[in-house]
Structures are given as C-alpha cells and as structure tokens.
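Throughout, protein chains are lettered first and strands after them, A, B, ... in sequence-line order, and every chain is numbered starting at 1.
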Amino acid sequence: MDAKDILLGLPKPTTTPTPLGHQLLPLPADKKSRPPKESQRKPDGISREVYALTGGLAPLMPSVDVNHLKRRAQSENEKITWQWLPFTSSARKDNLQLYHWVRVVNGVPPSGDYSFAKYNKSVDVIKYTDDEYEKHLTDPMWTKEETDELFDLCERFDLRFIVIADRFPTSRTVEELKSRYYSVCRAILIARAPAPGDIAGHPLVKDPYNISQDVERKRALSMVLSQTKQQERRDAEVLAEAKRISEARKAAKGTDELEVPAMTDTVPDDNDGAAAAVDSLSPSPNAQFTSGAIAPPVSEIASTLASLRMMRVYLRTHALEQMVQAASSSAGLRTIKRVEQTLQDLGVNLKPKVPTKAVCAEHLELRKEILILLNLQKQLQYKEAEGSSYRDGLYAETPGTPPKRVQRAVEQDRTFVPDSFSFGGERMGKRDQKRKAPGRLLEGPPSPAQSKRPRKFKASDG
Amino acid sequence: MPQSSSSSKKHGTDQPDIGGPASKSQRTKMVKSSDDTEKKNLAKKLKELEISVPIVYGNIAFWLGKKASEYQSHKWTVYVRGGTNEDISVVVKRVVFQLHSSFNNPTRVVDGPPFELSESGWGEFEIVITLHFHNDVCEKPLHLYHHLKLYPEDDSGPMSTKKPVVVESYDEIVFTEPSEGFFSRVQNHPAVVVPRLPAGFALPPPVPLEDADKRRRGDTKDHTLSQWFSNFSEADELLKLAAARQQVQAHIATLRRQLSLIDGQHQQLKSASDM
C-alpha cells in the first residue's frame, strides 16, 4: 500500500466481499501503474544510497587513485584472532578486574599497560603540615578547617575551581577560593625555599594572584558578552570614527601643503570625544553638498597617501585602488556604479592595463572629474525642480507643498539621468526625446509642473 | 629613463658626477664646508622620492596534445620578468611560487633570475607569488596573485600544441623612502626607474651585492618564451585617458554654464514673486 495508491487509487479496483461488507481493495502489484524504476544499474562497489548521494552521476574526475591508498601491512603472514580477555590498568587503585576484546596475533596477546592509563594525569597540589600552617598560613578570613577542606577539594578536582566552589561547604566565591589557594601556595613556596633568590623567577612569586583585578576582569568580560547588538554596533561605529579621525589628523600633520577641512581640527582625540565627533561629522557632508563633495575626500586622500608611504613597498595597482577608494569615500554605492558606467561609456578600462605612474595619475584625475560631473548634474536637477516650482508660483502660496513637489520631481528626474548623459555633442535634449527607455517614469501621470516644461530647457545650451 | 651602463664600474673610479664638470670644483668646496647639512638635505630628499620597478607576471601554457595524460595535460610556466625584459635581480633576491597543495613541495623557491617555474598539470588555480628583495632594498616581501590559465577563453576550434595560452599582467613595484645604498646601487640600472636627483646632491659610491660575481644572465630579452611575451605600452592608455578627460571637462563646463543661467533666472523669479 503506497501513499500514492491511496491518493490516486488504482485503475481497476475490485470489490471483494469481506466480513465488514463490500470494500474497495486495491489490486496487489499492478505493474503498469507503478512507474518503471531506474533502468540503469547501480555501480558495484558502493551501495545504492551512497551512489544516490552523488546525484546519481559518476564523478567527472577520479577523486582518489586507488593506487595511492596505503595497503594494510602484513595481513597474510600472521593469524589474527580476537579474544575477550581480562586486563588491569595502572590508573586504578583498586584491583578491579575488567574485560575487553583484544587483538591476538599468532596466539600472543599484547603486553604492556592499559593504553589509556597514560592519560590519567592529575595536578600536584601542595601538602602543608600543621606546623607550617601555624607559622605561615594563618589568615583572619579563613579557618584551618576551611583551608584544609579547600586543599582536599583542589586535589580531588584538579584545581577546577568552579566545581570546587560548588562543593565548598561555606559559600565562597570562585575568586576568594583562588585567592586563598594561591596565597597559601605562594607562602609555602617562599617558606620552603632555601634562598629567596631561587624562587624569584617562579610565576607565583613574580605575579601573585590579584583578586580585585580578577573580579574586575570578569565583570568587564560579562559586560562585553552581554552587550546587545545595538550597543555593539554603536561601539564599533564610534571606534571606527575615532580611528579615522585620528588617522586624518596624523596625515594632516604630515602633509602641510594640503588644506585640511575645518571639521577635523575641532575633533578631540580620545574615544569619549569620538561620539561628539560622529555628530559633528554627519551634518557636514550635507552642508558641503554645494561645493561638490570635494573637500571631505581631501583628508581621506591625504591619509591614504601617508599610509602608502609607510608601507615602504607596494604595487602601483594597489596604490591606485586605495586612492580611488579615498577619492570616492564620500560617494554612495550608486554614484560609484555610475562613475564606472561612465568610464565604460568612454572606452576606458576600469583598471588600467598598463598601470604606469602617469597612467594611474591620469586615471585618478579622470575619476575625480567624473565625480564632479555627476555632482553638477545632480545640482542641475535640483535647480531645475526648484525652478519649476518657482514658476508655478507655488512657492509663494503654500510653503508646505513645494518640498514634496521638488522631491517627486527629483525622483522622476533621477531615473532620467542615465539617458540624458550621452556623449557626442550638445544635442542632449533632442536625443532624449527620441529615446524610449524603459526607466522613464515621465510616461506615467506627471505632475502639472513637469508637463508644462518637458526638456526644452536642456536643449538650449548657453 | 635610466641609461644602460653598468653601475659598479662607473662608481668605482670616481665620485658620482651629477652636475656638469664646471660645477665640480664648486661642489667639492661645498662638500668640505657644509658636509652635515648636505647629508641632511640628501636624506630629506631621498625620503620624498620613490623608486619603481616595472614588472610583468603571468603564465604561458602549452597543451601537450598526444602526449597529454589525464593528470598532465598541459606544460606551463609561471614567471615574473622585468617590464622591458631587463634583469630585475638587481632588486629581487628570490621569488617564492606557492602552488596548489596537490603538487609535491608546493612551495617553490627560485633564488635567481630568470624568476620562473615550469610544471605540468591539468588544473587552473591561484598561484601566490612572493617577491623577496635584497636587504638594502626592503625587508618586507611583496605578494602577487596570479590565476593560472591553461584553457583558451573561447572554446572555438581544437587546441593546438604550437600556440600556447598566455596571460600576463603589468604592474610596477614602488619603493618609498629608498636608502642611500639602494638608490646609488640602482640609479643607472635599466630595470629600475629612478628619479633624477637635483643638482647639488652627491651620493656615495654604491656597494655591490654580495653575490655579484656569480650572476648569470638575468634579463629575459632572449628567453625561449620571449616570442609570446606581450608588449605593454602606456601610450595607448594615456591617449585614451587624455581624450576621456577632455570630454568630461567639456561637459563640466557646459553644465556650469547651465547652472549659472538657472541661478540667474531663479533670482529674477524670486524677486518677481516677492513683489
């Protein structure tokens, strides 16, 4: 009974009288309804399921040459039997007799200790005498019983302090236990040493356990681990910003000839000030928009130049990559894509095929100029959109609406840009009207301002 | 471009003479009286300079045709050579080619020119080429990454054993803040691009490399594979770039004019609506 049979039913069900009355019983093994199984044979050597894992196809290249596999040594000369034999382990203190399967070669069982006995390692915990305790180890916070108990637990649990803390009769924190243990060990070490100079190099003597530092460290660690994602992101942002600012300041100090934007001078150096720096930096790119976004990359370029100089040796292609990145640091991904598209339109390789000093310099300048060009285009769009709202007198009537209209106009214009940026002369306007690019939203319901002034302005060049 | 005279001979006999013969007497006086400041000036000048070495690296692969087996279908050579086929061992001490782990001893070290490695195989993979420089040049190594190409780009036509698949990349190694020794040693070498020191700066005679005598021929001008080397000329690219820049600059000028026009018009409109 297949699920498929139940759902689809077999073509010729027969009704057979059963004790429960007439019922439909499917015919057994109706060979025609069952789809023919794979006619190909499965390869020998591996089971059908394993072969199916490869997708039912043999691999294109032999993965492992059988000759490369090592042969098992000397399997013909000896007689191998497996026997259930008793064994002892040096790791056990009781005389418990255990049994296991043993590979017997030619009737000779293997000799030697139980193979896992060597892993039975333990820590050498110091044992002090009562005398020593009286003389060196007394402490107002700890009784002798507690200290003895602590050391006993340390021995049993191999200095696993978390386990020891759980089992300690009186409630003590892990750090307190550690502190007591290490200070006792240190005192014993110093007391037993013949001369203080002998153990001066011992780690316990040189760097004793500092309980307050440990507590603080664990607190800080738990704070870091329990930070929310948002906090983490904010911290990372602030740190990255601080790093960039300090690098820019360093580069600005190194290269006097380049003019540094005012904002980097007012930024303080430490991390706490970085938060203020973030706030002061974010509104400034917007303010710099009209100047064509040239000023912010200057500090990036300067710091890139400085870091390249410090590298002492580098490849020119690498240098060009870094400089291109620095020059486009204030540009978004879309702008960068547009720059690359423009380069392709101009027939220029995105990465120069012959990157000599001169070629790289020209390439960089070209990219910078394209950025300026794209910026100017954007400015032109904004100005035009502004202009149309002026003309309709909307700006004078309702100050509330124009920003929205400008935005909508700009959005419609944005898709227009790739079409309008065509090379080959001044007739930019005419060419666009002929084009039926899919990206043009102007075909749809336009705002009245737009329809009054279809690209007529662009066609007239001053 | 540097001349092709051998540097060690020239500087062994007399002081490096950068200015003309007339200023030589002047300079010797200067050297005697203000030795310290001149040293400082030289050091400062050297810090601003960069020395570059044009290189070409890549691979040439021949299909073995009838002799090809399943695991050895191609014979290929990966290499680093001077951009104009000059000897780069003046700067490069040794080159390490890191091959795919399926090769025996995948780390291949080449101690002298020509810096190349030949192997046979069937697979394409990334080869990490590490350049180690002489001690007076730079202590840090430099890494290049080359994807070994055996099979032709287009599948058209049968593979030929006579015509190899060649992939080369041009690049330039740039050394910033060169040391005096390095500068003086390479300043006349054809493989190295060295800026001219302005008149008045004198360099001490260079110290030749330790193994200068065991030098075998290091340039690749007459290499067996040189017929397949590509020619990299910056002239084409410069021309294209210059043309592109002109176009862009022209557009920028146009847009600026348009913008100032609009600004003027906006001013008019604004003053009109204010009334």
Side-chain angles (χ1 to χ4, degrees), chain A residues 61-62 65 308-319 342-343 345-349 352-363 365-370 372-373 375-377 379-380 382-384 386-387 389-391 393 395-397 421 423-426 428 457-458 460-462, chain B residues 47-48 50 52 54-55 70-71 83 122-123 131 133 137-144 169-178 193 230 232-238 240-245 247-252 254-263 265-266 268-270 272-274:
Chain A
M61 287 296 306
D65 201 354
L308 281 173
R309 262 244 302 250
M310 293 220 296
M311 278 175 71
R312 303 306 291 274
V313 63
Y314 55 83
L315 282 171
R316 215 181 276 291
T317 46
H318 171 76
T342 313
L343 282 170
D345 291 340
L346 289 162
V348 168
N349 296 317
K353 284 274 182 291
V354 189
T356 63
K357 189 167 183 174
V359 166
C360 289
E362 285 287 301
H363 188 97
E365 291 307 307
L366 179 61
R367 279 197 184 234
K368 287 198 225 168
E369 281 166 4
I370 294 177
I372 296 176
L373 180 64
N375 258 315
L376 284 176
Q377 279 192 318
Q379 281 184 47
L380 194 59
Y382 277 125
K383 292 273 166 97
E384 280 192 337
E386 264 183 5
S389 46
Y390 275 145
R391 267 172 224 110
Y395 203 94
E397 285 175 13
F421 191 43
F423 286 98
E426 321 259 72
M428 278 174 13
F457 189 70
K458 266 220 167 100
S460 66
D461 284 315
Chain B
K47 263 181 104 78
E48 300 169 12
E50 66 176 39
S52 62
I55 54 167
E70 196 165 19
Y71 286 108
W122 59 271
L131 306 177
F133 306 105
V137 173
C138 183
E139 284 167 6
K140 284 177 16 184
L142 188 65
H143 302 285
L144 307 167
S169 311
Y170 177 98
D171 212 325
E172 297 188 343
I173 311 174
V174 181
F175 298 100
T176 57
E177 302 183 3
V193 177
S230 329
F232 290 95
S233 132
E234 65 169 351
D236 290 334
E237 205 137 28
L238 274 178
K240 233 193 213 125
L241 283 170
R245 281 188 73 186
Q247 275 200 328
V248 172
Q249 280 160 8
H251 275 287
I252 289 178
T254 309
L255 285 177
R256 286 217 165 108
R257 265 178 293 157
Q258 287 184 336
L259 272 172
S260 60
L261 251 176
I262 295 186
D263 273 341
Q265 290 189 339
H266 284 354
Q268 285 182 354
L269 288 170
K270 206 153 180 254
S273 63
D274 284 344

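The salt bridge (Lys or Arg N to Asp or Glu O under 4.0 Å) check on B/Lys140 picks up nothing, with sequence neighbours excluded.
Taking B/Leu259, B/Leu144, B/Asp171 one by one and counting their heavy-atom pairs under 4.5 Å with chain A, the maximum is reached by B/Asp171. Counting heavy-atom pairs closer than 4.5 Å to chain B, the top residue among A/Asn349, A/Val359, A/Leu315, A/Leu376 is A/Leu315. Among B/Ala244, B/Ser52, B/Ala242, the residue with the largest count of heavy-atom pairs under 4.5 Å with chain A is B/Ala244. Between chain A and the options B/Ile173, B/Asp263, B/Ile252, B/Val174, the largest number of non-hydrogen pairs under 4.5 Å is found for B/Val174. No other option in A/Glu365, A/Arg316, A/Lys383 has as many heavy-atom pairs under 4.5 Å with chain B as A/Arg316. If you tally non-hydrogen atom pairs under 4.5 Å between each of A/His318, A/His363, A/Lys357, A/Glu369 and chain B, the highest count goes to A/Glu369.
Contact of the A/Thr317 side chain with the B/Tyr170 side chain is not registered, since no non-hydrogen atoms from C-beta on lie closer than 4.5 Å. Residues B/Leu238 and A/Val354 form no side-chain contact, since every pair of their non-hydrogen atoms from C-beta on lies 4.5 Å or further apart. Counting only heavy atoms from C-beta outward, the side chains of A/Glu362 and A/Val348 never approach each other to under 4.5 Å.
In this pair, B/Phe133 and B/Phe175 present their aromatic rings perpendicular. The plane angle is above 60°, beyond the 30 to 60° band.
Between B/Glu234 and A/Lys353 there is no salt bridge, since no side-chain N of the basic residue sits under 4.0 Å from a carboxylate O of the acidic one.
B/Ser169 does not touch chain A: none of its heavy atoms, backbone or side chain, sits under 4.5 Å away. Only the side chain of B/Leu142 comes within contact range of chain A, with heavy atoms under 4.5 Å apart. Residue contact with chain A, scored on non-hydrogen atoms closer than 4.5 Å, is absent for B/Asp236.
B/Glu139 CD: 12 or fewer foreign heavy atoms inside a 6.0 Å radius.
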